[in-house]
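These numbers come from the heavy atoms of this one structure, side chains and all, not from hydrogens, waters or symmetry mates. Only a predicted model underlies this, so the values are computations on that prediction, with no experimental measurement involved. Numbers here are sequence positions counted from 1.
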Amino acid sequence: MKRLPDRYYDLVLEKDQLLEEAEEAMNRNDIPEYVCLKLKVHGIEDELYKLEQELKSDNNQKKYYIITSEHKGVCE
């Protein structure tokens, strides 16, 4: 399996950090901050999805196989 780009892992870390901050904001009952953080998380998830799709499309390049066989005809 191919290693994902470093940008992917950076985004995952950033997403996790934002989720922690959003949870803290919810515990403080700071709804506007919570909504802002969740919107940022959503944007990061979109970017992660795009990176995953790019990787899948790179891995799904069509492969062609040529099947050959040698056989002797009935008349030989």
Side-chain angles (χ1 to χ4, degrees):
M1 184 173 158
K2 217 174 178 182
R3 178 173 158 74
L4 295 168
D6 289 338
R7 174 77 178 135
Y8 182 89
Y9 298 105
D10 293 342
L11 287 171
V12 170
L13 289 174
E14 185 177 348
K15 176 185 148 192
D16 290 343
Q17 179 64 34
L18 289 172
L19 287 172
E20 287 178 19
E21 292 176 21
E23 186 177 333
E24 291 171 8
M26 183 58 98
N27 291 337
R28 291 190 315 269
N29 211 20
D30 187 355
I31 304 304
E33 179 69 14
Y34 173 80
V35 171
C36 179
L37 291 167
K38 290 298 276 187
L39 287 172
K40 289 180 182 178
V41 167
H42 181 70
I44 290 173
E45 288 173 342
D46 284 343
E47 194 169 345
L48 288 170
Y49 178 78
K50 288 176 187 173
L51 286 171
E52 290 168 356
Q53 293 307 308
E54 285 178 22
L55 182 67
K56 284 181 183 177
S57 69
D58 288 346
N59 286 339
N60 289 337
Q61 291 178 355
K62 292 185 178 181
K63 296 176 183 168
Y64 296 95
Y65 298 94
I66 298 174
I67 300 172
T68 61
S69 67
E70 291 183 28
H71 72 265
K72 297 182 179 179
V74 178
C75 296
E76 289 186 44

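In the hydrophobic cluster analysis, where Ile, Leu, Val, Met, Phe, Trp and Tyr join through side-chain heavy atoms closer than 4.5 angstrom, Y9 is grouped together with L11. Hydrophobic clustering of Ile, Leu, Val, Met, Phe, Trp and Tyr side chains at less than 4.5 Å, counting indirect connections, unites L37 with V12. In this structure, V41 is a member of the same hydrophobic cluster as L48, with clusters built from ILVMFWY side-chain heavy atoms closer than 4.5 Å.
Here the CG atom belonging to L39 is positioned 11.5 Å from the CD1 atom belonging to I44, to the nearest 0.5 angstrom. The SG atom of C36 sits 10.0 Å away from atom CG of D30, with the distance rounded to the nearest 0.5 Å.
Of all non-hydrogen atoms in Y34 and A22, the two that sit nearest each other are CD1-O, 3.2 Å.
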task: Go through the steps for L19 and K38 under the test side-chain contact (heavy atoms from CB on, under 4.5 Å), then give the verdict.
output: CA-CA 7 Å; L19 287 172; K38 290 298 276 187; 3.9 Å; yes
task: Could you please spell out the steps behind the side-chain contact (heavy atoms from CB on, under 4.5 Å) verdict for M26 and E33?
output: CA-CA 8 Å; M26 183 58 98; E33 179 69 14; over 6 Å; no
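Within 6.0 Å of CD in E23 there are 12 or fewer heavy atoms belonging to other residues, nucleotides or ligands.
Inter-residue side-chain proximity for Y8 and E47 is flagged as unmet; no heavy-atom pair is nearer than 4.5 Å.
Of the options E21, K15, E20, a side chain to side chain contact (heavy atoms under 4.5 Å, CB included) to L18 is made by E21 and by none of the others.
Salt-bridge check for E14 with K40: failed, with every basic side-chain N at 4.0 Å or more from each acidic carboxylate O.
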